[in-house]
Every structure is written in C-alpha cells, then in structure tokens.
Amino acid sequence: MTSYKSDFLNVMAERGFIHQCSDEAGVDALAAKGDLITYVGYDCTAPSLHVGSLLSIMMLTWLQKTGAGKPIVLMGGGTTRVGDPSGKDETRQMRSIDEIESNKRGMQQVFAKLIGFGTAKHDATMVDNAEWLAPLNYIEFLRDVGRHFSVNRMLTMDSAKLRLEREQELSFIEFNYMLLQAYDFVELSRRYGCNLQMGGSDQWGNIVTGIDLGRRMGTPQLFALTCPLLTTASGAKMGKTAAGAVWLNEAQLSAYDYWQYWRNTEDADVTRFLKLFTMLPMDEVARLAALEGAEINEAKKVLATEATALMHGRQKADAAAETARKTFEAGQLSADLPTVEIAKSDLGAGIGVLGAFVTAGLVKSNSEARRQIQGGGVKINDETVKDDKLTLTEANLTGDGIIKLSLGKKKHVLLKPV
C-alpha cells in the first residue's frame, strides 16, 4: 500500500475509500498542509439520505478528523430541479420547489451528527447550489460555460452513453446536468477556495469535467477523489433491502431496524464495513476480522452498534443491541421493538392478518403477505399463521396489551391498540 505524507490519504487508503484520484501527490500535499477545501454534493431527491450516501459523508468526516481541510456540504437545491442521469435507466421524476425544499430540510439532519459546523478554518459549511444556479441567465450561461463543452465528449460519458446504447430516452434537461455540476465546482472554487470534489465512482466523469471547466475558466488547480460504489458480497446494491432503502433519518427507519440492517451483514462484508462505516481503530478492526465461525456474529454486533451509534447516538445503539439480545437470545418479548399503533375500534371489529402485516410495514402488499403465509414465514405472538383469512381481535392481545407480528426470524413489530 502506498504511504502518503498526509494522515487523510493514509486513512482513506487503509480503510478502502479510494477508487480514483486525479492527482494523488497534489491532493496529498494540500492535505498535509491542512489546505483541502472539499465538497460533496447531495441532490434533494428524498426526505432522507440513505446508507448509499454514507460513504462520502464518512470521507468528509475523516477529512475533518485528520485535520486535512474544510468540508463543504453542497445541497442540490438547483441541480435536483434537473435530475442527474448517472446510473439511471429513465428520466427522474420532476419535483416541485416545495418538495425539494422539504427534502433538503430532512436530509440536512444527518450531517451535524458526523461533521462539525462552524466558522473556524476546518469547520464545515453547508451551501445550496440554487443560490447561483437559479438566477442564471440562459444565454449568458451558454456563452460563458456551454462553449467549453464538446457534445462529442459528453456523449461518451457513461451517464449519456448507457442510455443511448439501451435506446432509452435521455432528456435535454438531463443532458445539461453535467454542465451544472461542473459549474458548481467552478463557483465553489471562486466563492470558497474549494479545490477538491469527492463522490462515488459513478460521478468521476462529471467531476473531471468540472476540473477541465475550471482550467478553461481560470480557477486554481482542482482535484477529484472518488470512493467505490459498494455492493455486498452477494452482489446486492448497498443500502437496498427487500423492504426498501436503508434510510439514515429515524423518521424513515427506526434505530432498531437500522441496527438490524448492519447486524445482518454477510460474513464476507464484515471487515470491509467495519473499516468504512465505523470509527474503530484499525487494530480493533483487525481483532474483529480475525474472528471465525460463530464468533463472527460478535463482530457483526459490534459493527451494528458502532454504525448505529454514529447515526442515532450511543444510547439508542445500545438499546437496539439489548432489544435484539432479549428478542433473539433470551427469548423475551421486548417493548423496545418497533411499535405501530392501531385504533382500539379497528381491533374490536377485527383486522385481517394480511392488512395487519401491510400496516406494520413488514410487507408491501396483501399478496406478498399471502405468499409469506404460504411459505410458513408469518407468526402472530410466535405462533405460525397458516390461514390467510385469519382475523386479529382483542383475543390476540398478550398480557402486555400488544400483538407481536413476526416475518421470518428477524423482523418483528408490535401492534398496540390506542
């Protein structure tokens, strides 16, 4: 492994964050002096970020922790109105300004948990590219920025090329996205002295286009650093489960369910995820990596608790670990399991088992619930359900006044009448 002058790049390399870098020596020199001013952009496409975004946030965290420079969190209030075609098979849904602003507020909650904001040299700052993109005069933008772009070269970028090869429509507004992202880099350089953009490897083409635009428009030298796009050992996309995205905000996903996501990591991924998604020292990671057989479950619990502590705090992480211990190891019913409230009157009238599992969020549809029942994967109060026409009533309440719904061995929700 290459040894660098800066702690930042040494950490990035040792923990597996580096995929591509436009100029390692240049980035290393700036990091060693504490002069990296680094941005990562996040489009406001959902009310919360998900685990797929966590890798780049951790890069900003380590940038600040190692004293390498200043993080800039760029909210894409402007670019979200256009839609990034990178990695997408079809045009993104157009969102209203109100929806974008609402999503932005939801996403902003995550960053302060992992990055320190303020006015000191290495304190992070958060900006919105709508500040300079929304007022752009189209004719001036074409003249000042558009003239530096070759359509021939733009068509070779993966974001455009893959769509065209598959004969899938690429709208003109999406085609403009790479111009806007490149222009963001130039504006951040001018306004904040930004010299490095980081992101996922799917952003490489857009980032180096920004470096080239900066050179043509007279900025100081700009740099690129990308992290790998993660998939699990079985090939699944990181942050996606059968139940949907693994959200970082508790409003979208409970701390317990977040803990369970990491606890269910495949054996082959545990060491890699400990490096990327916890702040544990590398000697402790090495100790956990050496565990074999059934002992690897202990490493998974450490991963789950440390990853959850970063996002939801140590208290909720420990509570999630204890809830799991009671549920799976001690065989107890824990009141800390995810709870869904239902009206007493509904229970009095009787609730169909299919609808109950949909309401609890354990399945997406009645038909999925029916399939799970046929496969023997549905339980009520730890009793396997065999009849998909079963109705839940007050007679199903436990002594604690709740009904425990289980899907498989690891997903449990409590129904609580109120």
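Sequential numbering from 1 along the given sequence is applied to the chain's residues.
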Shortest non-hydrogen separation from [X] to [Y] and the atoms involved:
X	Y	answer
Phe223	Gly26	CE2-CA, 3.9 Å
Arg191	Glu131	NH1-OE2, 2.8 Å
Pro228	His19	N-CB, 3.6 Å

Should Trp262 and Thr305 be marked as a side-chain contact (heavy atoms from CB on, under 4.5 Å) after you check the CA-CA gap, both sets of side-chain angles, and the distance that decides it?
-> CA-CA 8 Å; Trp262 295 105; Thr305 301; over 6 Å; no
What's the separation between atom [atom1] in [X] and atom [atom2] in [Y], rounded to the nearest 0.5 Å?
X	Y	atom1	atom2	result
Met107	Ser53	CE	OG	6.5 Å
Gln197	Ile37	CD	CD1	14.5 Å
Leu405	Phe357	CG	CZ	4.5 Å
Gln20	Ile207	CD	CD1	9.0 Å

Backbone of [Y] reached by a side-chain donor or acceptor of [X] within 3.5 Å:
X	Y	answer
Asn195	Asp35	yes
Ser189	Phe185	no
Arg215	Ile211	no

Could you please spell out the steps behind the ring-ring contact (aromatic ring centres under 6.0 Å, His included) verdict for Tyr192 and Tyr39?
-> CA-CA 10 Å; Tyr192 300 95; Tyr39 100 88; over 10 Å; no
Would you check if there is a donor-acceptor pair between the side chains of Ser254 and Asp257 at a distance under 3.5 Å?
->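 Their side chains do contain a donor-acceptor pair, which is all the 3.5 Å distance test asks for.
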With a 3.5 Å cut-off and no angle check, do the side chains of Tyr256 and Thr308 form a donor-acceptor pair?
->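 Judged by distance alone, the side chains do not pair up.
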With sequence neighbours excluded, tell me which residues meet side-chain contact (heavy atoms from CB on, under 4.5 Å) with Asp28.
->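 For Asp28, the residues satisfying side-chain contact (heavy atoms from CB on, under 4.5 Å) (neighbours in sequence not counted) are Tyr4, Lys5, Ser6, Leu9.
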Just jot down the side-chain contact (heavy atoms from CB on, under 4.5 Å) partners of Asn137, sequence neighbours excluded, or say none.
->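 side-chain contact (heavy atoms from CB on, under 4.5 Å) check on Asn137 returns Ile139, Glu140.
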Does Glu250 come within less than 4.0 Å of Lys316, counting only side-chain N to carboxylate O?
->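 Yes.
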What side-chain hydrogen bond (donor to acceptor under 3.5 Å, both in side chains) pairs are there with at least one residue in residues 62-72, not counting sequence neighbours?
->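 Not a single pair qualifies under side-chain hydrogen bond (donor to acceptor under 3.5 Å, both in side chains).
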Val40, Thr38, Thr125 screened by side chain to side chain contact (heavy atoms under 4.5 Å, CB included) with Ile72, the one that passes =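 Output: one option passes, namely Thr125.
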Aromatic ring proximity Phe117/Phe111, centre distance under 6.0 Å =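 No - the distance between ring centres of Phe117 and Phe111 does not fall below the 6.0 Å cut-off.
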